[in-house]
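Quick caveat: nothing in here was measured; it's all calculated off a predicted structure. Both ligands and their constituent atoms are indexed starting at 1 by order of listing.
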Amino acid sequence: MQIRDASLSTDSGRMRSSLMPFGPPVSRDRVITSFPKWYMPDACLQLKEHFHGQVSAACQHRNMGTIGLKLSKVVVVGDLYVGKTSLIHRFCKNVFDRDYKATIGVDFEIERFEIAGIPYSLQIWDTAGQEKFKCIASAYYRGAQVIITAFDLTDWLADALRENEPGSCFVFLVGTKKDLLAGTACEQAEAEAVRLANEMQAEYWSVSAKTEADGVTVSRGPAGENVKAFFSRVAALAFEQSVLQDLERRSSARHQVGDGDLIRASGGKSTRDPGEQEALRPGLLLAEACVRGLHSPHAHRQCLP
Ligand SMILES: Nc1nc2c(ncn2[C@@H]2O[C@H](COP(=O)(O)OP(=O)(O)OP(=O)(O)O)[C@@H](O)[C@H]2O)c(=O)[nH]1
Ligand SMILES: [Mg+2]
């Protein structure tokens, strides 16, 4: 596997800061204080309006150092051309590119949040939709806490949405290019999507990477319709689950010395759980390869066969 990277210096810098205990503060629109709402109650598996009581209580003890920095792995999958990269770029970089540049292999972004006062990051993996890259992309699925299945709302095909085994992770079904549909056509596509989301045990969202919420088409400007709300929901659900798992592990292993499952916010020594190590490994591998001078400085970061 050959690895190329251009934005690595920027991204690795972002990643470093997201993992450093006292990095720069997150931007205001990444601060989540109340639990983000669903898109449609008919296609939502978590109809609740507040964080779990134990999570809220644990977050309040932050000053006592009970909660450390956290990171969750998110993988975005779906057929080619559905708009996976556009969705991620709209959220992470606030840009929209009309030109199609196929993703080759995989790519990732790290996005930092502050949830209930706790620093938290999503590592968002963008995978190639083209069949010939599937085997590379699938090598990066392991350790995902959230799976986002994207499909093109305007190009609805039932067989384009392959079965996803609902397991321990959250599954989202995301209809893209919402700006290209209106009225009855949109309602029909969404009704069909909700039906499928229910079958898949997934939460459904319709989004547009291209438009503003009022429907004005922009190439650069505020985040696309529902994009920020969607990722806030992803972050909050993943965060809450992580904290609950930590609390559960800690209560069942009280006799052990220290909190081996957290990246500590204080002290020189960091420890991570195996899931986090797994999630971090490919990014570190890219950074390592860059240091060794394997990358073209002008190439976009991607993993090639
Ligand atoms: N109108 C509209 N076009 C979009 C939207 N999102 C993506 N597109 C366009 O759809 C095309 C494909 O988008 P990509 O994001 O590259 O698709 P992808 O799923 O990442 O494709 P692969 O990397 O090959 O798997 C591009 O020309 C985008 O400009 C959207 O919300 N609205
Ligand atoms: Mg892509």
Side-chain angles (χ1 to χ4, degrees), residues 1 3-7 11 39 74-111 122-141 144 146-157 159-162 164 171-183 185-186 189-190 193 204-231 234 282 286 299-305:
M1 182 183 289
I3 300 167
R4 291 189 284 131
D5 187 350
S7 48
D11 286 347
Y39 176 62
V74 177
V75 295
V76 183
V77 297
D79 281 354
L80 78 160
Y81 202 74
V82 298
K84 300 179 293 298
T85 302
S86 303
L87 174 67
I88 295 167
H89 284 188
R90 171 57 89 184
F91 181 62
C92 298
K93 303 174 178 174
N94 200 16
V95 293
F96 175 76
D97 189 351
R98 282 164 199 271
D99 298 329
Y100 171 51
K101 294 181 204 78
T103 301
I104 299 167
V106 293
D107 198 354
F108 75 83
E109 298 287 337
I110 301 268
E111 200 58 39
L122 290 183
Q123 185 186 48
I124 306 170
W125 285 86
D126 183 13
T127 64
Q130 282 186 41
E131 201 60 44
K132 61 183 173 183
F133 299 123
K134 282 279 162 67
C135 60
I136 304 168
S138 60
Y140 292 86
Y141 292 169
V146 178
I147 299 170
I148 297 171
T149 307
F151 72 95
D152 188 333
L153 269 174
T154 64
D155 183 22
W156 179 267
L157 293 169
D159 67 355
L161 296 155
R162 279 175 286 282
N164 257 320
V171 180
F172 287 87
L173 181 63
V174 178
T176 60
K177 308 186 187 178
K178 189 174 187 295
D179 56 291
L180 296 178
L181 279 187
C186 189
E190 286 194 331
Y204 179 71
W205 282 73
S206 291
V207 302
S208 169
K210 189 176 185 181
T211 56
E212 294 180 66
D214 62 3
V216 178
T217 300
V218 288
S219 58
R220 189 179 177 96
E225 184 174 356
N226 291 340
V227 172
K228 181 178 165 268
F230 166 62
F231 278 107
V234 167
L286 286 169
H300 184 59
R301 183 191 61 232
Q302 284 168 338
C303 299
L304 296 169

Taking 4.0 angstrom as the limit and counting only heavy atoms of R98, give me the atoms of ligand 1 inside it, by number and element.
26 (C), 27 (O), 29 (O)
Check whether the side chains of Y81 and Q130 place a donor and an acceptor atom closer than 3.5 Å, and report yes or no.
no
Residues L153 and L181: closest non-hydrogen pair is O-CD1, 3.7 Å
Atoms in ligand 1 flagged as close to G129, the criterion being non-hydrogen separation under 4.0 Å:
22 (P), 25 (O)
What atoms in ligand 1 come closer than 4.0 Å to a heavy atom of A102?
23 (O), 24 (O)
To the nearest 0.1 Å, how far is atom 19 (O) of ligand 1 from its closest protein heavy atom, and which atom is that?
K84 NZ, 2.8 Å
In the protein, what heavy atom is nearest to atom 31 (O) of ligand 1, and what distance, to one decimal place, separates them?
A209 N, 2.8 Å
Compute the shortest N/O to N/O distance between K178 and ligand 1 and return yes if it is under 3.5 Å, no if not.
no
Please name the pair of heavy atoms, one in G83 and one in T176, separated by the smallest distance, quoted to 0.1 Å.
O-CG2, 4.5 Å
Exactly one of L87, V106, T103 clears side chain to side chain contact (heavy atoms under 4.5 Å, CB included) with D126, and that residue is T103
Run the numbers for me: atoms of ligand 1, each under 4.0 Å from some heavy atom of S86, listed by number.
6 (N), 7 (C), 13 (O), 14 (P), 15 (O), 28 (C)
Hey, is the Mg ion (ligand 2) within less than 2.8 Å of some N/O/S atom on S86?
no
Heavy atoms, side chains only, cut-off 4.5 Å: are I104 and F133 in contact?
yes
In terms of atom number and element, which parts of ligand 1 are under 4.0 angstrom from non-hydrogen atoms of A128?
25 (O)
Any N/O/S atom, side chain or main chain, of T127 closer to the Mg ion (ligand 2) than 2.8 Å?
no
Under 4.0 Å from a heavy atom of T103: give me the atoms of ligand 1 that qualify, with their elements.
22 (P), 23 (O), 24 (O)
State, to 0.1 Å, how close N226 and S206 come at their nearest heavy-atom pair, and which atoms those are.
ND2-O, 2.7 Å
How far is atom 1 (N) of ligand 1 from its nearest protein heavy atom, and which residue and atom is that?
D179 OD2, 2.9 Å
In this structure, atom 21 (O) of ligand 1 is nearest to the protein heavy atom Y81 N, 3.0 Å
Between L80 and ligand 1, find which residue part has any heavy-atom pair under 4.0 Å and reply side chain, backbone, both or neither.
both
Should Q130 be counted as touching ligand 1, given the test is an N or O pair under 3.5 Å?
no
Just checking, is any N or O donor in the side chain of S208 or D179 under 3.5 Å from an acceptor N or O on the other one?
yes
With salt bridge (charged side-chain N to carboxylate O under 4.0 Å, His left out) as the criterion, how do K93 and E109 come out once you've worked through the C-alpha distance, each side chain's angles and the decisive distance to 0.1 Å?
CA-CA 10 Å; K93 303 174 178 174; E109 298 287 337; 3.4 Å; yes
From CA spacing to verdict: ring pair (Phe, Tyr, Trp, His ring centres under 6.0 Å), F230, F91
CA-CA 9 Å; F230 166 62; F91 181 62; 8.6 Å; no
Report the member of D97, D126, I88 with the shortest heavy-atom distance to atom 28 (C) of ligand 1.
D97
Derivation of the salt bridge (charged side-chain N to carboxylate O under 4.0 Å, His left out) call for K177 and D152:
CA-CA 6 Å; K177 308 186 187 178; D152 188 333; 3.1 Å; yes
Report yes if the side chains of V76 and I88 come closer than 4.5 Å at any heavy-atom pair, otherwise no.
yes
Interfacing atoms of ligand 1 (cut-off 4.0 Å, heavy-atom, S208):
31 (O)
Consider every N or O of G78 and every N or O of ligand 1, then say whether any pair is closer than 3.5 Å.
no
Heavy atom of the protein closest to atom 17 (O) of ligand 1 (residue, atom name, distance):
G83 N, 3.1 Å
Does a side-chain heavy-atom distance below 4.5 Å link R90 with K210?
no
Just say parallel, tilted or perpendicular for the rings of Y39 and W205, cut-offs at 30° and 60°.
parallel
How far is atom 3 (N) of ligand 1 from the closest protein heavy atom, and which atom is that?
F96 CZ, 3.7 Å
Using a 4.5 Å cut-off on heavy atoms from C-beta on, say whether the side chain of V174 contacts that of F151.
no
Using distance alone, determine whether Y100 and ligand 1 share an N or O pair under 3.5 Å.
yes
Looking only at protein heavy atoms, identify the closest one to atom 8 (N) of ligand 1 and say how far it is in Å.
K177 CE, 3.7 Å
Indicate, as side chain, backbone, both or neither, the part of L180 found under 4.0 angstrom from ligand 1 when only non-hydrogen atoms are considered.
side chain
